[in-house]
Amino acid sequence: MEKITYEYALAALQEVLREYVAQAPQAHLYDVPVPVKSTDVLSNRLPEGELGLILVAFEAKVGVDINEGRDLSNGLVEDIVRAATEAPEPAGISFSA
């Protein structure tokens, strides 16, 4: 089975953030980076508790559990995307960019 590529994971995170921004209250929009860069720190830009919602949506989009054995509370995009590329894929699912 193919692993998730870095480019695919980054694009998926950008899509999740675009969806978040489209639905977020107006007050939140000024600080959320879209498109996101690998050096962005989302925890500094999202309201309290929202990083967890973004991570859950991202996991659903890429189809893997990225939090297993990892602390992603710093919200660094590089760590989040790398976690997706290193996560084991569920049986029967394969990903391509």
Side-chain angles (χ1 to χ4, degrees):
M1 255 189 263
E2 295 176 46
K3 292 297 246 178
I4 295 172
T5 66
Y6 187 91
E7 294 76 18
Y8 176 85
L10 186 59
L13 184 57
Q14 288 177 335
E15 189 174 331
V16 166
L17 284 169
R18 273 191 217 95
E19 291 167 3
Y20 169 81
V21 166
Q23 297 173 17
Q26 210 56 26
H28 298 177
L29 299 183
Y30 70 94
D31 222 10
V32 179
V34 177
V36 71
K37 296 181 290 214
S38 63
T39 54
D40 282 325
V41 183
L42 298 180
S43 57
N44 291 347
R45 299 165 185 252
L46 293 166
E48 182 90 21
E50 296 290 297
L51 178 61
L53 298 175
I54 295 292
L55 293 177
V56 167
F58 177 63
E59 286 178 328
K61 186 159 291 287
V62 295
V64 295
D65 181 3
I66 62 170
N67 276 323
E68 195 168 313
R70 290 177 181 266
D71 177 13
L72 299 174
S73 62
N74 66 4
L76 181 63
V77 167
E78 177 76 21
D79 291 348
I80 295 167
V81 172
R82 185 77 52 214
T85 65
E86 295 172 356
E89 293 181 31
I93 298 177
S94 95
F95 297 91
S96 58

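Note that the coordinates shown come from a computational prediction; the quantities given were computed from them, not determined experimentally.
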Distance-only check: which donor-acceptor pairs under 3.5 Å involve side-chain atoms of residues 32-43, not counting sequence neighbours?
residue : atom : partner : partner atom : Å
Asp40   : OD2  : Lys37   : N            : 2.7
Ser43   : OG   : Asn74   : O            : 2.4

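Note that the CD1 atom of Ile66 and the CD1 atom of Ile80 stand 6.0 Å from one another [nearest 0.5 Å].
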Where do Leu13 and Ile54 land on the side-chain contact (heavy atoms from CB on, under 4.5 Å) test, with the steps shown first? CA-CA 8 Å; Leu13 184 57; Ile54 295 292; 4.1 Å; yes

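Follow the hydrophobic side-chain contacts under 4.5 Å out from Ile4 and you reach Tyr6 in the same cluster. Leu46 and Leu76 fall into different hydrophobic clusters, where Ile, Leu, Val, Met, Phe, Trp and Tyr residues are linked whenever their side-chain heavy atoms come under 4.5 Å apart, directly or through other members.
Closest approach of Gly75 to Leu51, counting heavy atoms only: CA-CD2, 3.8 Å. Across all their heavy atoms, Ala9 and Val81 have their closest contact at CB-CG1, 3.6 Å.
In terms of the side-chain contact (heavy atoms from CB on, under 4.5 Å) criterion, Ala11 has no residue partners (sequence neighbours excluded). Annotation: salt bridge (Lys or Arg N to Asp or Glu O under 4.0 Å) contacts of Asp79 (sequence neighbours excluded): none. In terms of the salt bridge (Lys or Arg N to Asp or Glu O under 4.0 Å) criterion, residue partners of Arg70 (sequence neighbours excluded) are, by chain and number, Glu86.
Clustering of Ile, Leu, Val, Met, Phe, Trp and Tyr side chains at separations under 4.5 Å leaves Leu53 isolated, with no partner residue. Hydrophobic cluster membership for Val56: none, as no Ile, Leu, Val, Met, Phe, Trp or Tyr side chain comes under 4.5 Å of it.
Using a 4.5 Å heavy-atom threshold, the side chains of Leu10 and Val77 count as touching. In this structure, Tyr8 and Thr85 have side chains that are not in contact, with every pair of non-hydrogen atoms separated by 4.5 Å or more.
Checked by atom type and distance alone, the side chain of Lys3 never pairs as donor or acceptor with a backbone atom of Ala84 at under 3.5 Å.
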